[in-house]
**Q** 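The structure under discussion is supplied below as structure tokens; questions concerning it will follow.
Keep in mind that this is a model prediction, so the values were computed, not measured. Proteins get letters first, then strands, A, B, ... in listed order; numbering begins at 1 in each.
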Number of protein chains: 2
Amino acid sequence: MNLDERERRRELYRLQAMLCQVLADPTRIELIELLGEGPKAVKELAQATGQRQAKISQHLAVLRQRGLVHAQRVGTEMHYSLTDRRILDACHLTRELLLDQLLRQGEFAESVLLGERG
Amino acid sequence: MNLDERERRRELYRLQAMLCQVLADPTRIELIELLGEGPKAVKELAQATGQRQAKISQHLAVLRQRGLVHAQRVGTEMHYSLTDRRILDACHLTRELLLDQLLRQGEFAESVLLGERG
DNA sequence: TTAGAATATTCGCGCATGCGAATATTCTTG
DNA sequence: CAAGAATATTCGCATGCGCGAATATTCTAA
């Protein structure tokens, strides 16, 4: 390999963008939050989110391919779990950032913030 | 308004996804990093990234519309700056997460990591 | 082995996004 | 006002993404 520095940085940014892309979906964020509570089966996740099973499986596949979650067979079920708790940290930090943005703009803030802060 | 809790959480996830979407582009990440050094004109950013001016303006428009950067006229130039330094924190955390992912998978890691850690 | 439950995958569509090219806007200077 | 520099916007296109619907796979139990 031996790319020069600029190209290495570019490659890093490209991969980072791909990671952020994975986090750029509300259903996937919700799945990450749920898995933050502990391992869960697909059916549980579908029930908790109120989404169709196929949709949940599709999003779990994305998370799995990117290495954010790990799947384990347990009988007829598949138990999913986070591979790294710091994924939650990233989610929480971006959410903090978002909440500050909302506060600054003063838009939507009250309705969304209720029950999340204060 | 007065949404129930689940809907409020959903709305929050939706907005968070939109924020992550903004961070899910390598050029925008590079712009954020550059602006982390201080305010810069569009031309500077175009030069530093080696990208066409129109492309930079387009991405800056996205960052501006989402409230991540602030623009100020200075003569014939527009000086852009971060509205919140913690945007950098978010970028750096996701990058840390990415680097750990790469280390775990052992793929690309060496070439990308050189000069970034160690 | 067959039935059925749990999960995964494929397909097609509608929609958003990033880009280059071209053009428009806004400011400064003469 | 005219010319030109700096920046913004528009347009058209190619590509990617999320979704529902349908189907396939994989395991358990009888």
**Q** Need to verify one output field. Residue with the more 5' nearest nucleotide on DNA chain D, A:Val74 or B:Ile56?
**A**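 Here B:Ile56 is the residue nearer the 5' end.
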**Q** Take atom NZ of B:Lys55 and atom P of C:dA21, then tell me their distance rounded to the nearest Å.
**A**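 From B:Lys55 NZ to C:dA21 P: 12 Å.
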**Q** Within less than 4.0 Å of OP1 or OP2 of C:dT26, is there a side-chain N or O belonging to B:Arg73?
**A**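 No.
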**Q** Kindly give the heavy-atom pair with the smallest separation between B:Leu23 and B:Cys91, and that separation in Å.
**A**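 For B:Leu23 and B:Cys91, the tightest heavy-atom pair comes out as CD2-SG, 4.4 Å.
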**Q** Does C:dC19 have OP1 or OP2 under 4.0 Å away from a side-chain N or O of B:Arg52?
**A**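 So the side chain of B:Arg52 is outside the cut-off, no N or O lying under 4.0 Å from OP1 or OP2 of C:dC19.
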**Q** Provide, to the nearest angstrom, the distance between the CD atom belonging to A:Gln51 and the C1' atom belonging to D:dA21.
**A**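 The distance from CD of A:Gln51 to C1' of D:dA21 comes to 16 Å, rounded to the nearest Å.
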**Q** Calculate the interatomic distance between B:Asp25 atom CG and C:dA16 atom P; express it in whole Å.
**A**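 Interatomic distance, CG of B:Asp25 to P of C:dA16: 18 Å.
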**Q** Using whole Å, report how far CG of B:Leu23 lies from P of C:dT17.
**A**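 After rounding, the reported distance stands at 14 Å.
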**Q** Closer than 4.0 Å, any side-chain N/O of A:Ser57 to the OP1 or OP2 of C:dA8?
**A**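 For A:Ser57, the contact criterion (side-chain N or O under 4.0 Å from OP1 or OP2 of C:dA8) is met.
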**Q** Which nucleotide sits closest to the side chain of B:Ala54: D:dT9, D:dT7, C:dA8?
**A**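 The listed nucleotide nearest to B:Ala54's side chain is D:dT9.
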**Q** Atom CZ of A:Arg14 and atom P of C:dC19: how far apart are they, to the nearest Å?
**A**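 Rounding to the nearest Å, CZ of A:Arg14 and P of C:dC19 are 13 Å apart.
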**Q** Which whole-number value in Å describes the distance from A:Met18 CE to C:dG18 P?
**A**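 That distance rounds to 15 Å.
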**Q** If I take atom CD in residue B:Glu44 and atom C1' in nucleotide D:dA6, what distance separates them, rounded to the nearest angstrom?
**A**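 Distance, rounded to whole Å: 12 Å.
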**Q** Do A:Gln101 side-chain atoms and B:Gly67 backbone N/O form a donor-acceptor pair below 3.5 Å?
**A**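 Here the side-chain-to-backbone pair exists.
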**Q** Do B:Arg66 side-chain atoms and B:Leu19 backbone N/O form a donor-acceptor pair below 3.5 Å?
**A**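 Here the side-chain-to-backbone pair does not exist.
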**Q** Does any N or O donor sit under 3.5 Å from an N or O acceptor when you compare the side chain of B:Gln53 with the base of D:dA6?
**A**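 For B:Gln53, whose side chain was compared with the base of D:dA6, there is no donor-acceptor pair (under 3.5 Å).
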**Q** When you measure from the side-chain N and O atoms of B:Arg28 to the phosphate of C:dG18, is any distance below 4.0 Å, counting only OP1 and OP2?
**A**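 It does, given that an N or O in the side chain of B:Arg28 lies less than 4.0 Å from OP1 or OP2 of C:dG18.
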**Q** For A:Leu60 and C:dA6, give me the distance from atom CG to atom C1', rounded to whole Å.
**A**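 These atoms are roughly 13 Å apart.
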**Q** Quick check on D:dC17: is either OP1 or OP2 less than 4.0 Å from any side-chain nitrogen or oxygen of A:His59?
**A**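 Negative; the distance criterion is not met.
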**Q** Give B:Ala41 one of three labels, base, sugar-phosphate or nothing, depending on what nucleic acid heavy atoms sit under 4.0 Å from its own.
**A**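 Since only primed, P, OP1 and OP2 atoms lie under 4.0 Å of B:Ala41, the category is sugar-phosphate.
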**Q** Looking only at side-chain N and O atoms, does A:Arg64 come under 4.0 Å of OP1 or OP2 in C:dT9?
**A**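 Indeed, a polar side-chain atom of A:Arg64 lies that close.
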**Q** Does the C:dT17 base have a donor-acceptor partner in the side chain of A:Gln21 within less than 3.5 Å?
**A**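 No pair found.
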**Q** If you apply the rule side chain to side chain contact (heavy atoms under 4.5 Å, CB included), what do you find for A:Arg73 with A:Met78, and how did you get there?
**A** CA-CA 5 Å; A:Arg73 262 221 175 285; A:Met78 292 292 280; 3.3 Å; yes
**Q** Taking 4.0 Å as the cut-off, does a side-chain nitrogen or oxygen of A:Tyr80 come that near to OP1 or OP2 on C:dA8?
**A**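 Result: yes.
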**Q** B:Tyr80 and B:Leu35: which non-hydrogen atoms are nearest, and at how many Å?
**A**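 Result for this residue pair: O-CD2, 3.3 Å.
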**Q** Taking N and O atoms by type only, does the side chain of A:Gln58 place a donor or acceptor under 3.5 Å from a partner on the base of C:dT10?
**A**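 Yes, a donor-acceptor pair under 3.5 Å.
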**Q** To check you understand the geometry: which heavy-atom pair defines the closest contact between B:Leu60 and B:Val69, and what is its length?
**A**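 Heavy atoms only, the tightest pair is O-CG2, 4.1 Å.
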